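Heads up: the structure comes next, in structure tokens.
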Amino acid sequence: MITIHNLSKTYGKATVLNIENLEIPSGETFGLVGNNGAGKTTLFSLMLDLIQPTTGFVSVDDIKVNESEAWKNKVSAFVDESFLIGYLTPEEYFYFIGELRGQNKASVDEFLKQFHDLFNGEILNSGKYVRDLSKGNQKKVGIVGAMIGNPEIIILDEPFANLDPSTQIKLKNLIKELSKQDGVTFLISSHDLSHTTEVCNRIVVVNKGKLVKDIQTDPETLRDLEQYFADQVSKPVEMI
Amino acid sequence: MFFKFLRLEFKSFFRGTSLGINLAMKIFRFIGILYFMGCLVGGAFIAFFYIKEEMHEDPLKIVSRFLIIAWAADLIFKYMLQEMSTQNIKPFLTLNIPKKTVVNYTLVKTFFTPLSWLNSFFFITFSAIALFNGYGFVGVLSWLIGVSLLFYLNNFINILFNDKETIAIVVGCVFAAVAGLAYYNIVPVLSYSEKFFFNFYERPYFVVISILLFTALWKISFNYIHKAFYLDEGLEAKKTIGKTENIAFLNKYGAIGTFINNDIKMLRRNKVTKGILIGSFLFLFYGMLMFSSPLYKTPAMTMFMGLFVTGGFQFLFGQRVPAFDSSYYPLMMTSNVPYKEYLKAKWWLMNIMTGVSILLAVGYAYFGWEMYVTFFAAGIYNIGVNSQFTLWAGAFNKTQIDLNAKEKRFGQKNSFNLKALLLLIPKMFLPMAVFGGVQHFFGIGAGVVSVAIMGLAGFLFREKIFDIIVKHYKVEKYSTLEAFKNKD
């Protein structure tokens, strides 16, 4: 379970994130939705202890992330290309990640078999280094890398962006499957409302660093969300 | 059209981030260029009058004599430092500009780098002096044009062969062979050079050769670029074929083995790190300094050289230890990476390389066993003490490194840091002082043993220093992450 308490991040005078209370129980597929600059990546960075909170804390199973490192055993993430090692081939990258999470080569190979379809023959044995792959394929490598080694919590920032339609569908199925079978907790941020409502069972909307909506997904959710963002557009004066 | 291109070029220089230099570095660079200009102009005066007044020879002849060396050096420098930049050409491809113009523009642009035009300062000054001292106008002019064109056509040779390593190696071997033949007076290369270049003066019509060569190479380069002027050919950043590999026996050593495996791949597959490898190989020859001055013959200075001969890789690699991993530092920070294991992997890699350097340094035994024994002690000290201190210094280095940028191979800007400088005391001065002192009173054997003992002591206390570095890493984690994120 992830607990957020009184968390805020301030740069100079600008408060980019301010969340009083948020609990994400285990096994939840948690969707984080918001416009550019709403604070999605800031929140994830705080959860991963990549930046320091101004106030408050994030804890994973009662381990405060900025005090102990024990959470690293449970959490894996793919936020951006700085989670990839460009000079490795995709296989080497997976083995490297796997070894850090206590897997050996054979078990990584076994694990990768299920992604044969997702990789579409363009990633394994492609004779390319990760840095030379296309943006979409790099994303696939990063997402699959985050799933190696049975992490309990997987954090994905904008996983659907840059992916082709078939891969988006495959990825959605994969997330649903992992969360159903292994009880993996997913934290997914996205601009794309329809993808998020489809896979997530809970959606939180952030705007200007504040939590503005927290809803359990039901058939009405997508319409609700679209309405919310449409309202944002139609009353721009208030926003300023 | 050219003028418009040039204006863009100016903007890209002043606003550019590709050079990765801030204003201070630009000014520094500018001063550097001014300095070289001064040197070359002054050099022309010195060369002319020294040869004339002191050697009582014909300056034009003597300079012609050594031009072959200058020409070869020019080509080598251009090969190493100059890369035809094609990336900012891409936006022009779909604009309404004739392809011919764009290709010619990329060619002409190579002439605007300081490396290309600096030599003209020497040649023009030298020719001017020659004119004032009674050399014929036509001859001097033809000499100037002939020689300059030959230097400028190095740019084309560089364009044609820059990405063909095998040809470069063959050419390098030919150069070395010719240099050897000349050095041992088997083939009088220098007098051929004199004859060839002086011909431009004596028989001005010879300048046609230069002009023909220059235009021919221009044409060839033009066709070469023109043909490959597509996004998926010449303009594409070069890709190498990736091969999955693994040094299996290292896997036995857990996380340390994994990290060493990874570092070896990093060293082999990136431009900057390849530069480090070449650099550390060159450091093996650092001991040749002893021929430059008797100062280096003292025991303390022999120790100084020994530290560099055996520790080249250590110094170059170790002080950039987290920096090399900067492009994927967030991954490292969120993975379950024990800092100590990470450090130890680097430590082992450095020490293995130091060990190899100690073995290779056996060559210095040719200049006396004492020298080699001193170097050996320096190597032990590098392994035992300096390996930790270099890693410590590296922890202060928060410059983000773009592993694949060639232009940064030389003069990678280093964040100067007082603490890192203070660490030089145990790294360099302590062993020099101890060795110098003990050797003075008790002879070389005792000196070597005392330095080696310090090395062993450092080896035994290494965990302590690792703990300090780990603490430093933890304190500085966020600011390091922030610094590594900034792409200049």
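Throughout, a chain's letter reflects where its sequence line sits, starting with A, and its residues are numbered from 1. Since the model is a prediction, treat every value here as computed from it, not as a measurement. Atom set for the values below is all heavy atoms of this structure, side chains included, hydrogens, waters and symmetry mates excluded.
- The minimum heavy-atom distance linking B:S335 with A:L100 is given by the pair CB-CD1, 4.0 Å.
- Proximity of B:N262 to A:L88: side-chain heavy atoms (C-beta onward) are separated by under 4.5 Å at one or more points.
- No side-chain heavy atom of B:T334 sits less than 4.5 Å from a side-chain heavy atom of A:F78.
- Minimum heavy-atom separation, A:T89 to B:R269: N-NH1, 3.9 Å.
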Would you mind writing out the side-chain donor-acceptor pairs for residues 19-34 of chain A within the sub-3.5 Å range, not counting sequence neighbours?
unit_1: A:S26; atom_1: OG; unit_2: A:M1; atom_2: N; d: 3.3
unit_1: A:E28; atom_1: OE1; unit_2: A:R202; atom_2: NH1; d: 3.0

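- Looking only at side-chain heavy atoms (C-beta outward), A:I97 and B:L331 come within less than 4.5 Å of each other.
- When every heavy atom of A:E99 is checked against every heavy atom of B:T258, the shortest pair comes out as OE1-OG1, 2.7 Å.
- A 4.5 Å side-chain heavy-atom check between A:Y129 and B:K265 finds every atom pair outside the cut-off.
- Around OH of B:Y478, the count of heavy atoms belonging to other residues, nucleotides or ligands within 6.0 Å exceeds 12.
- Within 6.0 Å of the NZ atom in A:K176, the count of heavy atoms belonging to other residues, nucleotides or ligands exceeds 12.
- Contact of A:L48 with chain B is made through backbone and side chain together, with heavy-atom distances under 4.5 Å.
- With sequence neighbours excluded, the residues that form a ring-ring contact (aromatic ring centres under 6.0 Å, His included) with B:F313 are B:F317.
- For chain A, no part of B:Y342 is nearby; none of its heavy atoms comes within less than 4.5 Å.
- With no hydrogens or angles considered, no side-chain donor-acceptor pair links A:Y95 and B:N261 at under 3.5 Å.
- Counting only heavy atoms from C-beta outward, the side chains of B:M333 and A:L50 approach each other to under 4.5 Å.
- With a 6.0 Å radius and a threshold of 12 heavy atoms from other residues, nucleotides or ligands, A:D117 has its CG atom at or below the threshold.
- A salt bridge is defined here as a Lys NZ or Arg NE, NH1 or NH2 lying under 4.0 Å from an Asp or Glu carboxylate O, and A:E69 with B:K474 meets this definition.
- Side-chain atoms of A:Y87 and B:Y328 include a donor-acceptor pair closer than 3.5 Å.
- The local environment of CG in A:D164 is crowded, with over 12 non-hydrogen atoms from other residues, nucleotides or ligands closer than 6.0 Å.
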